[in-house]
Amino acid sequence: MIRKSMALFAAATAAALASSAHAESGWHLLNMTQGVTAISREIYHLHMLIFWVCVWIGIVVFGIMIWSMFKFRKSQGAVPDTTMVHNTKVEVVWTAIPVIILIAMAVPAAKTLVVLEDTRNTELTIKVTGFQWGWQYEYLDSGVRFFSRLDRTSDAARQLGSGADPNTIEHYLLNVDNPLIVPSGTKVRLLLTGADVIHSWWVPAFGMKKDAIPGYVNEMWFNVDEDKTGLYRGQCVELCGRDHGFMPIVVDVRSKEDFEKWLKATAEQQKQAAAASPTTTASAG
Amino acid sequence: MPALTPAEQMERKKRIRRSVIVLALVAAAFYIGFIVLAVTRGIHG
Amino acid sequence: MAHDSHAAHGHAAHDDHDHKPHGWRRWVFATNHKDIGTMYLVFAGAMFFIGGIMAMIIRAELFKPGLQFVDPMFFNTMTTMHALFMIFGAVMPAWTGLANWQIPLQVGAPDMALPRLNNFSFWILPFAFTILFCTLFVPGGGPAGGWTMYPPLMLQGGDSFPMVIFAIHLMGASSILGAINVIVTIMNMRAPGMSLLRMPLFVWSWLITAYLLIAVMPVLAGAVTMLLTDHFFGTTFFTAAGGGDPVMYQHIFWFFGHPEVYILILPAFGIVSEIIPAFARKPIFGYEAMVYAIASIAFLSFIVWAHHMFTVGMPLAGQLFFMLSTMLIAIPTGVKVFNWTATMWKGSMTFEPPMLFALAFLFLFTIGGFSGLMLAIVPADYQYHDTYFVVAHFHYVLVPGAVFAILGGVYYWLPKWTSKMYDQTLARWHFWLSAIFVNILFFPQHFLGLAGMPRRIPDYATQFTDWNMVSSIGAFGFGLSQILFPIIVWKCIKSGAPAPSRAWEGAHGLEWELPTPLPYHTWETPPDAAVIARGAEH
């Protein structure tokens, strides 16, 4: 029976490897990435700190367990020490050590949290509204606003029985029609709310996620490094119904000059569009 | 074997009845109380 | 009612010592704690396989990117129903089943204190789960808002919505009645001389669990009732448009939800504390510390709920409070792990199937504890929250945690219940296949979460393909290896070799003082002081 199951297992693994061979391999995706903001790097280091603390505790505790499993086995002639039932000194020590470790971890965590929650001195405010199923972005100072949804190629391929191979589609499920455009090196504040149900806005490279809740306006901010312009992708992370898995987020981080140029042009364009058809508000970016 | 005497059995039954009543009241109070509290306190305006 | 049933039962028992009703009446009108325990366990097993099939559907869809088998709505229904079946249908009834079998045997009582209530609380469950299962076939499909049932999404549900809420009320009522029965039994039915601090740790863990159940199941009932009135009677508790507050629901739900996760795990602590001393042939280290650790975990479970919702936008002080209180739980949990380790230290260990499951629990639950500690760190949680990292975390504590403890408990006590020994070789196969596949299944989900894959999505970006495939292969392997379990149990009942009354050399406790074959009625005469002293060598 074991041989049979092993063979099955090997065959399934081989099939899995073969079918994914032509796509970009994902085996190296093992850890959180450092991201492109000071906060995301700080969170990454916090994550690694607690990870290594857990690894070391694990090595010690599992080491002792494995050691006793080898040393104190009946087949090795081990005789149980039935008088060993209680030892106040040891018990105090192994209660106190975790307390110290926890305090040592709570302090840097609290420090990062204080920075995270500090939304003062932001230079650009964008209102983000989650809806079923996409995002609306509104630049509060200039009035520019547009919707952002899953791009058509992914949307066609993701239908049940579409026959399309997702591996042939660039940025499958992580591409949108109109990305959010923000300047680098700027403290950008997002005001998040939900139009219908709760959504949650997350771009892993920025290190933060916040829920977009109907009736609430939540705040979060990020500040992408000056030199880290480019496209960053994320997804809605709060179950929001049928197409929860299909409302990606793409942020196009541009230099301050490029951003200003884009914002001005778009504001002008949207004003003209609104003037041309006064009954409908501008919705395209 | 020290079997329970009839008197002890009666005593045990009495204790069981008492604790069941107390626990049932506590549980019912929680159950109904929480629903009532939620429904009445939650109505706005 | 309690008085009558007890008298009637006592009467029947005295008249005819080993008489038991035959046929379907034995089960439908069951008042014997052993029969009811068996029914609970069989029911839990059935729900485990139904919930497991749902998990297989989820993992099959996630085997590769693109939608191959199911509609996204049905996928959401599967994740929701899988959770409800596993939590309320498999794990909780399995604990109640073990409690029914073991608590009277372990405290020297002839039966549970309230046998008819016991029957009632069991028979509620098949009805509740029939209703829940039938939601799959009503217009609009089954519930698809996640087992947490967050509004406003949940309020969009179709005809299944009131059925789910009714089913949850039934499950809650069943749990509360079961919990009352456990508390009353433990407080009143202990044999003379069985003081609270001589009770086995499994009984202790259940006593505390029962109090948690009574405290929090009504909270869940209140929360879902408010959903119901929001949907049908025009209230707006959670609807922002009417002045309601969707976040309030999350606070209420998790005030239930966090104690609930300890309801799922505390009896596991109890079982592991029974098995490890038995196979290390050494009393449990720090018995009283273990009791206090369970009690403090239960207490802390009431003040950590908001760590499930750090991203809803809480004030800084609130986030700090819930981070620190959550981290505190690591201390009593650590004490428990250290005490189990110290119990093995200088022991004389053998590795029969129950011990294998208990040891796997020890290692893998601790891994789940580590990821729990990582999740408590709020800034890091902003990255982990609602990703597969969380999925990996809670499956590590629930599958190799709670489920392995249940399997270990059944393998430990099955020879006592049936007076026969099961096929230990096959049970070892069951163990090794489960232990290997469970890691193939859940360990890669840590990677997926850290790489940015959100949970509860039916389809994913292509870079997540490789680890999802590994995880799915692990899932199919784990699912298939569970089929061994009913086979082993069935073989044991049908053709197992006779087991001695003390099935395991190092097993202590009153249950092992009972004769073999195990009589239908036990401890009608309470054990005497010498027997209790022999049994209570924790």
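The chains referred to below are lettered A, B, ... by the order of the sequence lines, with proteins before strands, and numbering in each begins at 1.
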Count the heavy-atom pairs under 4.5 Å between each of A:Met220, A:His47, A:Glu219, A:His86 and chain C, then report the option with the highest count.
A:His47
Name the region of A:Leu29, side chain, backbone, both or neither, that has any atom closer than 4.5 Å to a heavy atom of chain C.
both
Choice from A:Asn87, A:Ile97, A:Val90, A:Asp243 maximising heavy atom contacts with chain C below 4.5 Å
A:Asn87
Side chain, backbone, both or neither: which part of C:Glu288 has a heavy atom under 4.5 Å from chain A?
neither
If we define contacts as heavy-atom pairs under 4.5 Å, which of C:Phe351, C:Phe464, C:Phe75 has the most with chain A?
C:Phe351
Do side-chain atoms of C:Asp466 reach the backbone of A:Ser25 as a donor and acceptor pair under 3.5 angstrom?
no
C:Ile457 and A:Gly245 have their tightest heavy-atom pair at CG2-CA, 3.6 Å
Segment of C:Pro444 engaging chain A (4.5 angstrom heavy-atom cut-off):
neither
Before you tell me yes or no, could you show the steps for A:Ile103 and C:Met327 under side-chain contact (heavy atoms from CB on, under 4.5 Å), namely the whole-Å CA-CA distance, both residues' side-chain angles and the distance that decides it to 0.1 Å?
CA-CA 9 Å; A:Ile103 293 171; C:Met327 292 171 88; over 6 Å; no
Of the backbone (N, CA, C, O) and the side chain (C-beta and beyond), which part of C:Tyr150 lies under 4.5 Å from a heavy atom of chain A, both, or neither?
side chain
Heavy atoms only, distances under 4.5 angstrom: which of A:Glu91, A:Lys74, A:His171 has the most pairs with chain C? Name it, please.
A:Lys74
Is it the side chain or the backbone of A:Asp81 that comes within 4.5 Å of chain C heavy atoms, both, or neither?
both
The interface call for C:Gln383 against chain A, heavy-atom contacts under 4.5 Å, is both
Find out whether A:Ile198 and C:Pro152 are in side-chain contact, i.e. whether some heavy atom of one side chain is under 4.5 Å from a heavy atom of the other.
yes
Nearest 0.5 angstrom please: C:Phe363 CZ to A:Phe62 CZ, how far?
6.5 Å
Can you measure from CG (C:Leu359) to CE (A:Met65) and round to the nearest 0.5 angstrom?
8.5 Å
Under 4.5 Å from any heavy atom of chain A, what part of C:Tyr460 do you find: side chain, backbone, both or neither?
backbone
Check the pair C:Trp345, A:Ile64 against side-chain contact (heavy atoms from CB on, under 4.5 Å), reporting the backbone distance first and the verdict last.
CA-CA 8 Å; C:Trp345 187 260; A:Ile64 296 171; 4.2 Å; yes
Those residues at least two apart in sequence (or on a different chain) that pass side chain to side chain donor-acceptor pair (under 3.5 Å) with C:Asn339 are none
Nearest heavy-atom contact between C:Ala240 and A:Gly215 is CB-CA, 3.5 Å
Return the orientation label for the A:Trp27 and C:Trp467 ring planes: parallel under 30°, perpendicular over 60°, tilted otherwise.
perpendicular
Most heavy-atom pairs under 4.5 angstrom with chain A, which of C:Val337, C:Ile331, C:Thr350, C:Leu155?
C:Ile331
Any C:Gln463 side-chain heavy atom under 4.5 Å of A:Leu174 side chain
yes
Top contributor to chain C interface from A:Tyr216, A:Trp67, A:Phe246 [non-hydrogen pairs under 4.5 Å]
A:Tyr216
Which residue out of C:Pro379, C:Gly506, C:Gly369 racks up the most heavy-atom pairs below 4.5 Å with chain A?
C:Pro379
Which atoms form the tightest heavy-atom contact between C:Ser348 and A:Val79, and what is the distance?
CB-C, 4.4 Å
Between C:Thr387 and chain A, with a heavy-atom cut-off of 4.5 Å, which part of the residue counts as in contact: side chain, backbone, both or neither?
side chain
Just how far is it from atom CD of C:Gln156 to atom SG of A:Cys240, taken to the nearest 0.5 Å?
9.5 Å
At their closest point, which heavy atom of C:Asn76 faces which heavy atom of A:Gly241, and how far apart are they?
ND2-O, 3.1 Å
Name the region of C:Pro458, side chain, backbone, both or neither, that has any atom closer than 4.5 Å to a heavy atom of chain A.
side chain
Quick check for you: to the nearest 0.5 Å, what is the distance between C:Met374 atom CE and A:Met48 atom CE?
8.0 Å
For residues 310-324 of chain C, which side-chain N or O atoms pair as donor and acceptor with protein atoms under 3.5 Å away, sequence neighbours left out?
{"unit_1": "C:Thr311", "atom_1": "OG1", "unit_2": "A:Asp211", "atom_2": "OD1", "d": "3.0"}
{"unit_1": "C:Thr311", "atom_1": "OG1", "unit_2": "A:Asp211", "atom_2": "OD2", "d": "3.2"}
{"unit_1": "C:Thr311", "atom_1": "OG1", "unit_2": "C:His385", "atom_2": "NE2", "d": "3.4"}
{"unit_1": "C:Gln319", "atom_1": "OE1", "unit_2": "C:Tyr382", "atom_2": "OH", "d": "3.0"}
{"unit_1": "C:Gln319", "atom_1": "NE2", "unit_2": "A:Glu117", "atom_2": "OE2", "d": "3.2"}
{"unit_1": "C:Gln319", "atom_1": "NE2", "unit_2": "C:Met314", "atom_2": "O", "d": "2.9"}
{"unit_1": "C:Gln319", "atom_1": "NE2", "unit_2": "C:Tyr382", "atom_2": "OH", "d": "3.4"}

Given that the side chain runs from C-beta out, which part of A:Leu30 has a heavy atom under 4.5 Å from chain C: side chain, backbone, both or neither?
both
Just so I understand: if I count every heavy-atom pair under 4.5 Å between each of C:Thr341, C:Ile377, C:Asn468, C:Asp459 and chain A, which residue has the most?
C:Asp459
So which residue, C:Gly477, C:Ala376, C:Pro246, C:Ser481, ends up with the most heavy-atom pairs under 4.5 Å with chain A?
C:Pro246
Which atoms form the tightest heavy-atom contact between A:Leu102 and C:Ala330, and what is the distance?
CD1-CB, 4.2 Å
I'd like to know whether A:Val61 forms a side-chain contact (heavy atoms from CB on, under 4.5 Å) with C:Phe338, so could you lay out the CA-CA distance, the side-chain angles of the two residues, the decisive distance to 0.1 Å, and finally the verdict.
CA-CA 8 Å; A:Val61 175; C:Phe338 299 143; 3.7 Å; yes
Examine whether an atom of C:Val470 lies under 4.5 Å from a heavy atom of chain A, and if so say whether it belongs to the side chain, the backbone or both; otherwise answer neither.
side chain
Per-residue contact mode, A:Ile213 against chain C (heavy atom under 4.5 angstrom)
side chain
Just so I know, are the side chains of C:Val70 and A:Leu160 near enough to count as touching, which here means a heavy-atom distance under 4.5 Å?
no
CD1 (A:Ile66) and CE (C:Met344) are apart, to the nearest 0.5 Å, by 9.0 Å
Taking every heavy-atom pair that is under 4.5 Å apart, which of A:Pro98, A:Pro204, A:Gly161 has the most such pairs with chain C?
A:Pro204
At a heavy-atom distance under 4.5 Å, which candidate from C:Gln68, C:Met73, C:Arg281 has the highest pair count against chain A?
C:Arg281
Per-residue contact mode, A:Ala106 against chain C (heavy atom under 4.5 angstrom)
both
When A:Glu238, A:Arg73, A:Lys209 are compared by non-hydrogen pairs under 4.5 Å with chain C, the top option:
A:Lys209
Out of the candidates A:Lys71, A:Met69, A:Gln76, only one should pair with C:Met349 under the side-chain contact (heavy atoms from CB on, under 4.5 Å) rule; please name it.
A:Met69
For C:Ala144 and A:Leu239, which heavy atoms make the closest approach, and how far apart are they?
O-CD2, 3.8 Å
Evaluate A:Trp56 against C:Phe370 for ring pair (Phe, Tyr, Trp, His ring centres under 6.0 Å), listing each step before the verdict.
CA-CA 11 Å; A:Trp56 282 109; C:Phe370 285 147; over 10 Å; no
Can you say whether C:Ala280 sits under 4.5 Å from chain A via the side chain, the backbone, both, or neither, judging by heavy atoms?
backbone
Cut-off 4.5 Å, heavy atoms of chain A, and the answer for C:Leu480 is neither
